[in-house]
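Data first, discussion second: the structure below is written as structure tokens.
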Amino acid sequence: MKRLGARLYRLAALYTFVAASAASACEGLTVTEAWIREPPPGASAVAVYMTLTNSGTAPLVLDSLTSPAFAHGMLHETIQDGTRVSMRHVAHLSLAPGQRVLLAPGALHGMLMGPQAALPRAGEGVDLVLGCGGASTKVTITVASDAP
Amino acid sequence: MTTIPPRHRANVLLAITAFAALAAGLLFAIWKTGRQPEVPGLLWPDPPQITGFTLTGDDGRPLTESDLRNRWTLVFFGFTHCPDVCPGTLAVLKQAKQRLDADSAFASTGQVLFVSVDPARDTPEILARYVKHFDPAFRAATGEGDGLSGLARQLGVIYAKVPGSGAGDYSMDHTASIFVVDPTLRVLSVIGLPHDAADIATRVRAIMAFVEDEA
Ligand SMILES: [Cu+2]
């Protein structure tokens, strides 16, 4: 009986830990210089640009990028092979302590697909959720009519 | 110091002036015939030539090589479902056009043409709304089959359909260079990524000056 109690206690503790980490922010992640280009009419997807910095002391692995305003979201990369330009899905993005990664036009970027409502206009904000191993950081990205 | 009588002084001056003018003219002629174009990326002396093509314009009417004749055209291939490179380059082209319009003949003779490689989704109406979001003067066109592939082949543009994550969802891989086409349909430069408005304006200005000089 004592053993079961201890086991239940450990289970409860574990559950609390998981619940707490799900609600906590990505440790050390800072998002700066974030912007979205105002999408032209008819756009089915928008790209998100920003600077990600791991200001913490532990490695950070970004594994999701979503928005409540879009059906799907992911990390993407624009790649050029000769003159052929294409995009590919990036499953993980690792940031060593102190490392900074640029998400910029024509390179690594966040990709939000399937707008759930009217496309955002310049000056509006788009909520973005960056996930890293169960934790997540929420930021609001400003839509700009042009590159800052 | 020997003195030259005033009458002779005038003659000597005339002779020196005449010789200097002759030498300058000769040097200019040598420089002009033998010079290498100092325009970076200029396709010279044998630029590719666009011949015939027929696309459908954003007004639903045919858009052919005659729409390019007697105009300077910046041609860019893409598709409206393209979220990163296409809106980025169209925004850059808008700025480049503003710069060129401010101080060159581009204001009266220049145009920007967006060619969609995704005719299945990009109808003339969709294309018109899309490009005019960037600049009301931008034109767009697309075409099925030979219409599109004909122009693409002449410019060395490649494009291919790539399946996306969802059912029926797809993306297009494509050449994302800007083609600088002169009023006689010569492709004088191909500007690859990354695109920068100031750089494009400088290059187009230099190319226009070069062609004017050649004429
Ligand atoms: Cu993308």
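Note that these values count all heavy atoms, side chains included, but never hydrogens, waters or copies made by symmetry.
- Chosen from B:G88, B:C86, B:A160, the residue pairing most often with chain A at heavy-atom distances under 4.5 Å is B:G88.
- Of the atoms belonging to A:V85, heavy atoms from both backbone and side chain fall under 4.5 Å from chain B.
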Can you check side-chain contact (heavy atoms from CB on, under 4.5 Å) on B:I50 and B:L68, steps first, answer last? CA-CA 10 Å; B:I50 294 178; B:L68 270 54; 4.1 Å; yes

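- Heavy atoms closer than 4.5 Å to chain B are found in the backbone of A:A107, but not in its side chain.
- Distance check, rounded to the nearest 0.5 Å: OG1 of A:T137 to CG of A:L29 gives 5.0 Å.
- Atom CG of residue B:L127 and atom CZ of residue B:F114 lie 6.5 Å apart, to the nearest 0.5 angstrom.
- Evaluation of the salt bridge (charged side-chain N to carboxylate O under 4.0 Å, His left out) test over residues 95-107 of chain A, restricted to residues two or more places apart or in two chains, returns none.
- Chain B forms more heavy-atom pairs under 4.5 Å with one residue of A:G114, A:G106, A:A71, A:G42 than with any other, namely A:G106.
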Please report all inter-chain donor-acceptor pairs (under 3.5 Å) between chain A and chain B, with distances to 0.1 Å.
{"residue": "A:S44", "atom": "OG", "partner": "B:H81", "partner atom": "ND1", "Å": "2.6"}
{"residue": "A:Y49", "atom": "OH", "partner": "B:D84", "partner atom": "OD1", "Å": "2.5"}
{"residue": "A:T78", "atom": "OG1", "partner": "B:D84", "partner atom": "OD2", "Å": "2.6"}
{"residue": "A:T83", "atom": "OG1", "partner": "B:T175", "partner atom": "OG1", "Å": "3.0"}
{"residue": "A:R84", "atom": "NE", "partner": "B:D173", "partner atom": "OD2", "Å": "3.1"}
{"residue": "A:R84", "atom": "NH2", "partner": "B:D173", "partner atom": "OD2", "Å": "3.1"}
{"residue": "A:V85", "atom": "N", "partner": "B:H174", "partner atom": "O", "Å": "2.8"}
{"residue": "A:V85", "atom": "O", "partner": "B:H174", "partner atom": "N", "Å": "3.1"}
{"residue": "A:G106", "atom": "N", "partner": "B:D84", "partner atom": "OD1", "Å": "3.2"}
{"residue": "A:G106", "atom": "N", "partner": "B:D84", "partner atom": "OD2", "Å": "3.0"}
{"residue": "A:D146", "atom": "OD2", "partner": "B:Q95", "partner atom": "NE2", "Å": "2.7"}

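- The salt bridge (charged side-chain N to carboxylate O under 4.0 Å, His left out) pairs that include a residue from residues 46-59 of chain A number zero, where partners must be two or more places apart or lie in different chains.
- The distance from the CG atom of A:L65 to the SG atom of A:C132 is 11.5 Å, given to the nearest 0.5 Å.
- B:P194 does not touch chain A: none of its heavy atoms, backbone or side chain, sits under 4.5 Å away.
- Exactly one of A:I36, A:L103, A:T32 qualifies for a side-chain contact (heavy atoms from CB on, under 4.5 Å) with A:M50. That residue is A:L103.
- The most heavy-atom pairs under 4.5 Å with chain A, out of B:L90, B:V85, B:I126, B:L193, come from B:L193.
- Across A:P39, A:A45, A:P41, the residue that shares the most heavy-atom pairs under 4.5 angstrom with chain B is A:P41.
- Within the structure, salt bridge (charged side-chain N to carboxylate O under 4.0 Å, His left out) pairs that include any residue of residues 107-116 of chain A do not occur (at least two apart or interchain).
- Between atom CG of residue B:L74 and atom CD1 of residue B:I178 there is a gap of 7.0 Å, rounded to the nearest 0.5 Å.
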